[in-house]
Number of protein chains: 2
Amino acid sequence: MQLSNTSKYAIRILSYMARQEHEYVHKSNELAQSLDISYKFLTKIMTELVKGEFILSIRGREGGFQLNHPASSITILDILKHFQELTDFHTCILGNGACNPHKKCILHDKWASPRQEIKNMFATTTIDIVNSGDFKL
Amino acid sequence: MQLSNTSKYAIRILSYMARQEHEYVHKSNELAQSLDISYKFLTKIMTELVKGEFILSIRGREGGFQLNHPASSITILDILKHFQELTDFHTCILGNGACNPHKKCILHDKWASPRQEIKNMFATTTIDIVNSGDFKL
DNA sequence: TTTAAATTCTACCAAAAAGTAGTAATTAAA
DNA sequence: TTTAATTACTACTTTTTGGTAGAATTTAAA
Ligand code: SF4
Ligand code: SF4
């Protein structure tokens, strides 16, 4: 019952970027330091985020990354989907094969409601949740 | 957002055992076949379940395993705890360091309620949920 | 035009989880 | 007492995830 580190970092990176004005150009170096993520691993994730069209990259000197969409339009669910953590909402919990309502796994009925609540939460939470205050980065 | 395979199997094994009368002696071979889990991997998990005192082992010929407690008293949460998946309910979601209410991660407030619902669900669901019907094993 | 500061690419290494193999130990039946 | 059926133990292999190294590419500033 955990998100992968990659997803966790992606969420933290994007929400951190959302704290600055939209045009701000974020550099990997800066992000890695601020978020305390290894520079090498961070750049790997940045590349993924570019491919996922969450961010734009500006190459070369004075380059960096910008959000590609308004922060208020990027949900946590969007991020999780891109890192394939959505599938868990389909084949979930005991995940024995494809889900078939005629042959449910034993937890299905109990799990349905929490699962929906989580999904809603992820779907309605955007990366601009926080712009100030004592939050971890 | 997934349980480990080990946890999934453990849940399936115990709930399967709970379908028989309490005294029934389950053999690894039988369980592996019925549940379609590799025999070798299953026996590894059975050893863990013995150590966790979920089941009793009877060694030697005609040996096998029995539930160590009434099925109605073993919760899913008990099982997850033993396989260390409980920690996620403390250090959860973005899991950056120990949780400090004065320095929350950005998802804390949104996550609190779904998390509680999941935990309650796991805490109130016992392995005897199902004794018949078209359920996956 | 050269150079420095940045992203990108390719390839590798490490750790954890999942799964397998083989053998030793145990015990009841034959 | 021998043997077959079972669990327990030790050690390995494979797969996935997490993480690192180094060079190539791009681009604006100097
Ligand atoms: S039966 Fe329900 S709980 Fe089980 S894997 Fe399918 S969707 Fe998930
Ligand atoms: S602040 Fe809340 S959501 Fe974040 S890791 Fe701690 S308990 Fe989990």
Side-chain angles (χ1 to χ4, degrees), chain A residues 1-13 17 24-68 80 82-85 87-88 91 94-96, chain B residues 1-13 17 24-68 80 82-85 87-88 91 94-96:
Chain A
M1 289 301 285
Q2 278 216 298
L3 298 177
S4 68
N5 272 359
T6 305
S7 300
K8 288 178 191 173
Y9 289 158
I11 294 169
R12 290 176 56 217
I13 292 165
M17 290 177 71
Y24 188 90
V25 175
H26 298 264
K27 294 168 197 191
S28 293
N29 219 325
E30 238 181 73
L31 292 170
Q33 280 202 329
S34 304
L35 294 163
D36 194 31
I37 299 175
S38 130
Y39 171 82
K40 279 297 189 178
F41 196 32
L42 180 127
T43 56
K44 197 175 194 174
I45 297 172
M46 296 311 273
T47 308
E48 258 313 297
L49 291 175
V50 171
K51 286 181 185 155
E53 301 185 339
F54 291 99
I55 57 181
L56 294 172
S57 78
I58 300 165
R59 300 187 62 172
R61 184 170 178 156
E62 306 292 295
F65 302 94
Q66 284 179 321
L67 285 184
N68 194 15
L80 298 182
H82 185 257
F83 291 98
Q84 275 108 27
E85 304 227 30
T87 53
D88 308 336
T91 65
L94 298 190
N96 38 6
Chain B
M1 291 297 286
Q2 278 215 299
L3 299 176
S4 68
N5 272 358
T6 306
S7 300
K8 288 179 191 174
Y9 289 158
I11 294 169
R12 289 174 57 216
I13 291 164
M17 290 176 72
Y24 188 91
V25 175
H26 298 264
K27 294 168 196 188
S28 292
N29 219 323
E30 239 181 73
L31 291 170
Q33 280 202 328
S34 303
L35 294 164
D36 195 31
I37 300 175
S38 126
Y39 172 82
K40 279 297 189 179
F41 196 32
L42 180 127
T43 57
K44 198 176 195 175
I45 296 172
M46 295 312 273
T47 308
E48 259 313 297
L49 292 175
V50 170
K51 285 180 185 154
E53 301 186 340
F54 292 97
I55 57 181
L56 295 173
S57 78
I58 301 164
R59 300 188 61 172
R61 185 169 179 157
E62 306 292 293
F65 302 94
Q66 284 179 320
L67 286 183
N68 194 15
L80 298 181
H82 186 256
F83 290 98
Q84 275 108 26
E85 304 227 29
T87 53
D88 307 336
T91 67
L94 298 190
N96 37 5

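Lettering of chains follows the sequences in order, A, B, ..., and the numbering in each one begins at 1.
Rounded to an integer number of Å, the gap from OH of Tyr9(A) to C1' of dT20(D) is 13 Å. The nearest whole Å value for the distance from the NZ atom in Lys27(A) to the P atom in dA4(C) is 16 Å. We find that CD1 of Ile45(A) is positioned 11 Å from P of dT20(D), with the value rounded to whole Å. Put simply, CD on Glu30(B) is 9 Å from P on dT6(D), counting in whole angstrom units. When the C1' atom of dA16(C) is taken as reference, atom CD of Gln2(A) falls 13 Å away, rounded to whole Å. When the P atom of dA6(C) is taken as reference, atom CG of Leu31(A) falls 12 Å away, rounded to whole Å. To the nearest angstrom, P of dA18(C) lies 12 Å from CD of Gln84(B). Straight-line distance from the CZ atom of Phe83(A) to the P atom of dG18(D): 11 Å, rounded to whole Å.
Scored by the side-chain contact (heavy atoms from CB on, under 4.5 Å) test, Asp36(A) finds no partners at all (sequence neighbours excluded). With sequence neighbours excluded, the residues forming a ring-ring contact (aromatic ring centres under 6.0 Å, His included) with Phe54(A) are His82(A), listed by chain and number.
In terms of heavy-atom proximity, Phe65(B) sits nearest to Met17(B) at O-CE, 3.8 Å. Considering every non-hydrogen atom in both Val25(A) and Glu62(A), the closest pair reads CG1-O, 4.4 Å. Contact between Ser7(A) and Leu80(A) at its shortest, heavy atoms only, is CB-CD2, 3.9 Å.
Atom CD of Gln33(B) sits about 11.5 Å away from atom CG of Leu42(B), to the nearest 0.5 Å. Rounding to the nearest 0.5 Å gives a distance of 8.0 Å between CD1 of Ile55(B) and CG of Leu67(B). Of the inter-residue distances, the one linking Gln66(B) atom CD with Ile58(B) atom CD1 reads 4.0 Å to the nearest 0.5 angstrom. To the nearest 0.5 Å, atoms CZ (Arg12(B)) and NZ (Lys8(B)) are separated by 9.5 Å.
Note on residues 38-61 of chain A: no pairs pass side chain to side chain donor-acceptor pair (under 3.5 Å), not counting sequence neighbours.
Rounded to 10°, the helix from dT1(C)-dA30(D) to dA30(C)-dT1(D) has 20° between the axis fitted to its first five pairs and the one fitted to its last five.
Using a 4.5 Å heavy-atom threshold, the side chains of Thr6(A) and Ile45(A) count as touching.
Contact annotation: side chain of Lys44(A) to base of dG18(D), donor-acceptor pair absent below 3.5 Å.
Residues His26(B) and Thr6(A) both approach DNA chain D. Their nearest nucleotides, taken by heavy-atom distance, put His26(B) toward the 5′ side.
Dashed line: the shortest gap from a side-chain N or O of Asn29(B) to OP1 or OP2 of dA5(D) is not under 4.0 Å.
Heavy-atom distances under 4.0 Å link DNA chain C to Ser38(B), Lys40(B), Phe41(B) of residues 34-43 of chain B, given in residue order. Residues from residues 48-66 of chain B with heavy atoms under 4.0 angstrom of DNA chain D, sorted by number: Ser57(B), Ile58(B), Arg59(B), Gly60(B), Arg61(B), Gly63(B), Gly64(B), Phe65(B).
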